[in-house]
Amino acid sequence: MNIILMGAQGSGKGTQARVLGPELNLVKVATGDLFRAAIAAGNELGQKVEAILARGDLVPDELTNAIVRERLAEIARAKAAGEVEGALFDGFPRTAAQAEALDQILADHDDRVTVVIELQVDPEKLVDRLSKRRVCANCGAVYNLEADPPAVAGVCDRCGGALVQRDDDKPEPIRRRLALYAEQTAPLLTYYGQRGLVEQVDGDRPIADVTAAIEVIVEKRTQTKVTR
Ligand code: AMP
């Protein structure tokens, strides 16, 4: 099973992926997280992409596809060993070239995309959500100052780490990222829609309601019962 979560920045893909990954036994493939980890590690990839992320631009397809290819090889091994069910994509693919590469990589493992879930949120609310987003510098947990605040201001509920604002959650990069989504990523809904793979979910609801709606879709598409 390979599920793609699609939706503009701030639509809740990361939040849903954190719940659904363990529940469905899918390995999360979040390219943004992989790039941020590379930057934190200061490795060669991190040095290449740091300025790109800070601007809110897209990392070149070759670099992005290469890390996904690597992750999917590991996931295919774990799947063959019966350890996981597949992959849950968050923030990938974002361009037509990435979508085509993903089809090819999955085909190389005799696999395919199962369903694409589009999280729909009113564009005006996205900017508000992104500017109120805070992330734990230590464990990566995500909060919203209004909808899902931490118990103690500035402190992660899970690990006690410091909550920070991502550099690209500031007004200029937010605008850039949302524009790139509309221009490069939203057309992928047509690419997958032509194959009957797209399901829409209203993302403008409490987190648990969105999760429940996605679970219903997964059950319908895979004819399996989701254990909650
Ligand atoms: P995200 O955490 O998904 O919002 O991604 C943060 C940033 O990482 C994006 O603004 C891009 O700079 C970069 N990035 C993440 N995923 C991709 C991708 N699939 N293609 C190109 N750049 C990406």
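Counting starts at 1 for both ligands and their atoms, in listed order. The structure displayed is predicted, hence computed values, not measured ones.
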Could you check whether [X] pairs with [Y] (Lys NZ or Arg NE/NH1/NH2 to Asp/Glu carboxylate O, under 4.0 Å)?
{"X": "R77", "Y": "E83", "result": "no"}
{"X": "R36", "Y": "D33", "result": "yes"}
{"X": "R129", "Y": "D148", "result": "no"}
{"X": "R133", "Y": "D168", "result": "no"}

If only side-chain N and O atoms count, and only distance matters, is there a donor-acceptor pair under 3.5 Å linking Q104 with D108?
yes

Would you tell me whether D61 and Q98 have side-chain atoms, one donor and one acceptor, within less than 3.5 Å of each other?
yes

Identify, chain by chain and in numerical order, each protein residue with a heavy atom under 4.0 Å from an atom of ligand 1.
T31, G32, F35, R36, L53, D57, L58, V59, T64, G91, F92, R94, Q98, R166, D168, R177

